[in-house]
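Quick caveat: nothing in here was measured; it's all calculated off a predicted structure. Letters go in sequence order (proteins before strands), and every chain restarts at 1.
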Amino acid sequence: DAGVIQSPRHEVTEMGQEVTLRCKPISGHNSLFWYRQTMMRGLELLIYFNNNVPIDDSGMPEDRFSAKMPNASFSTLKIQPSEPRDSAVYFCASRSLSASRGEQYFGPGTRLTVT
Amino acid sequence: QQQVKQSPQSLIVQKGGISIINCAYENTAFDYFPWYQQFPGKGPALLIAIRPDVSEKKEGRFTISFNKSAKQFSLHIMDSQPGDSATYFCAAHNAGNMLTFGGGTRLMVKP
């Protein structure tokens, strides 16, 4: 299996622009998680989907952030409008129901820089 | 109450030495405690995990020690190698299927 696939790997954009990050989970996994990683705040869970349905979005910083999962093989995280403080590495992770608790498979991340 | 506190933030160990990373939690509802390893430019990857009804789990050179009454757990890396140089995250799993991560420890093993 190719693992969790994220695109783009790097994104540089100007403040105010819309940014869309993409994730393809591992086939057969039914839970998907979006995380943000910064030096200051570490790894933060933004939103969690189960069977394509958002379960917990309490980590989404504000209304500028939105996430969708239209089907089992694709999810997007959108930031509109982007701000410099959104600069971070964004990870997508997926999990199978049959996996042990706490076992998540992370993608390689998207490094976002907002200037 | 969802926090997991991890220390130290960074650690330098000589090759062959023992690396020890500590974590503490408050929420007694956490039901599983994994450790993740992250190399530069990569996503975190599950390294080893422990249930709260077990006091120790060993996999190769990696051992988790778990103290339920103190709400603390630690990762020991025996015979540390330069290839172990990475950032390590402890985490705690809740019944809502979510992980709360510690702040991370950047380990450097000197040859």
Side-chain angles (χ1 to χ4, degrees), chain A residues 1-10 21 23-26 29-51 53-60 88-111, chain B residues 1-10 21 23-25 27 29-54 57 59 62 64 66 73 75 86-107:
Chain A
D1 200 313
V4 175
I5 299 172
Q6 292 188 246
S7 64
R9 293 295 312 276
H10 302 274
L21 311 182
C23 174
K24 177 178 169 56
I26 293 173
H29 284 193
N30 62 341
S31 296
L32 184 138
F33 307 82
W34 282 100
Y35 290 90
R36 177 171 67 176
Q37 185 175 37
T38 62
M39 289 294 293
M40 290 297 295
R41 301 175 68 91
L43 261 173
E44 303 173 276
L45 176 65
L46 300 177
I47 187 169
Y48 152 46
F49 293 87
N50 197 42
N51 293 321
V53 176
I55 302 299
D56 191 310
D57 65 354
S58 59
M60 296 286 262
V89 180
Y90 290 81
F91 289 102
C92 173
S94 69
R95 178 179 178 271
S96 164
L97 262 183
S98 62
S100 62
R101 288 167 288 170
E103 183 175 7
Q104 296 180 10
Y105 292 83
F106 283 74
T110 295
R111 181 174 295 276
Chain B
Q1 201 176 20
Q2 288 293 326
Q3 276 191 326
V4 176
K5 296 183 179 179
Q6 183 172 346
S7 62
Q9 286 186 315
S10 62
I21 304 170
C23 285
Y25 64 97
N27 188 350
F30 288 138
D31 60 5
Y32 204 64
F33 299 87
W35 285 86
Y36 279 75
Q37 179 188 54
Q38 184 181 27
F39 292 104
K42 306 289 186 183
L46 180 65
L47 181 65
I48 185 173
I50 195 167
R51 301 189 325 251
D53 58 343
V54 175
K57 182 172 182 180
E59 289 184 1
F62 299 89
I64 302 177
F66 190 85
F73 58 111
L75 176 69
T87 300
Y88 292 82
F89 294 92
C90 62
H93 177 271
N94 65 25
N97 198 28
M98 294 182 287
L99 289 175
T100 300
F101 284 89
T105 297
R106 183 171 292 183
L107 171 66

Which answer fits A/M40, side chain, backbone, both or neither, if we ask what part of it has an atom under 4.5 Å from a heavy atom of chain B?
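A/M40 has no heavy atom closer than 4.5 Å to chain B.
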
Which bit of A/R9 comes within less than 4.5 Å of chain B, counting heavy atoms only: side chain, backbone, both or neither?
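When you check distances to chain B, only side chain atoms of A/R9 fall under 4.5 Å.
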
For A/S96, check side chain to side chain donor-acceptor pair (under 3.5 Å) against everything at least two apart and list the hits.
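Applying side chain to side chain donor-acceptor pair (under 3.5 Å) to A/S96 gives A/S98.
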
Interface residues of residues 99-106 of chain A facing chain B - non-hydrogen atoms under 4.5 Å apart:
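Hits under 4.5 Å: A/S100, A/R101, A/G102, A/E103, A/Q104, A/F106.
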
May I have the step-by-step check of side chain to side chain contact (heavy atoms under 4.5 Å, CB included) for B/Y36 and A/L43, ending in yes or no?
CA-CA 11 Å; B/Y36 279 75; A/L43 261 173; over 6 Å; no

Starting at CZ of A/R95, measure out to CG of B/L99 and round the result to the nearest 0.5 Å.
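If we round to the nearest 0.5 Å, A/R95:CZ and B/L99:CG are 8.5 Å apart.
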
Contact check, side chains of A/Q37 and B/F101, non-hydrogen atoms, under 4.5 Å
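Not touching, per the 4.5 Å side-chain cut-off.
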
Heavy-atom pair count under 4.5 Å with chain A, highest-scoring of B/G43, B/P44, B/G41, B/A91:
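Between B/G43, B/P44, B/G41, B/A91, the count favours B/P44.
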
For B/K42, look at atom NZ and say whether over 12 heavy atoms of other residues, nucleotides or ligands are found less than 6.0 Å away.
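For B/K42, atom NZ is not crowded (no more than 12 foreign heavy atoms under 6.0 Å).
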
Do other residues, nucleotides or ligands put more than 12 heavy atoms under 6.0 Å from the CD atom of B/Q9?
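Not buried by this count: 12 neighbours or fewer within 6.0 Å.
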
Under 4.5 Å from any heavy atom of chain A - which part of B/F89
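Only the side chain of B/F89 comes within 4.5 Å of chain A.
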
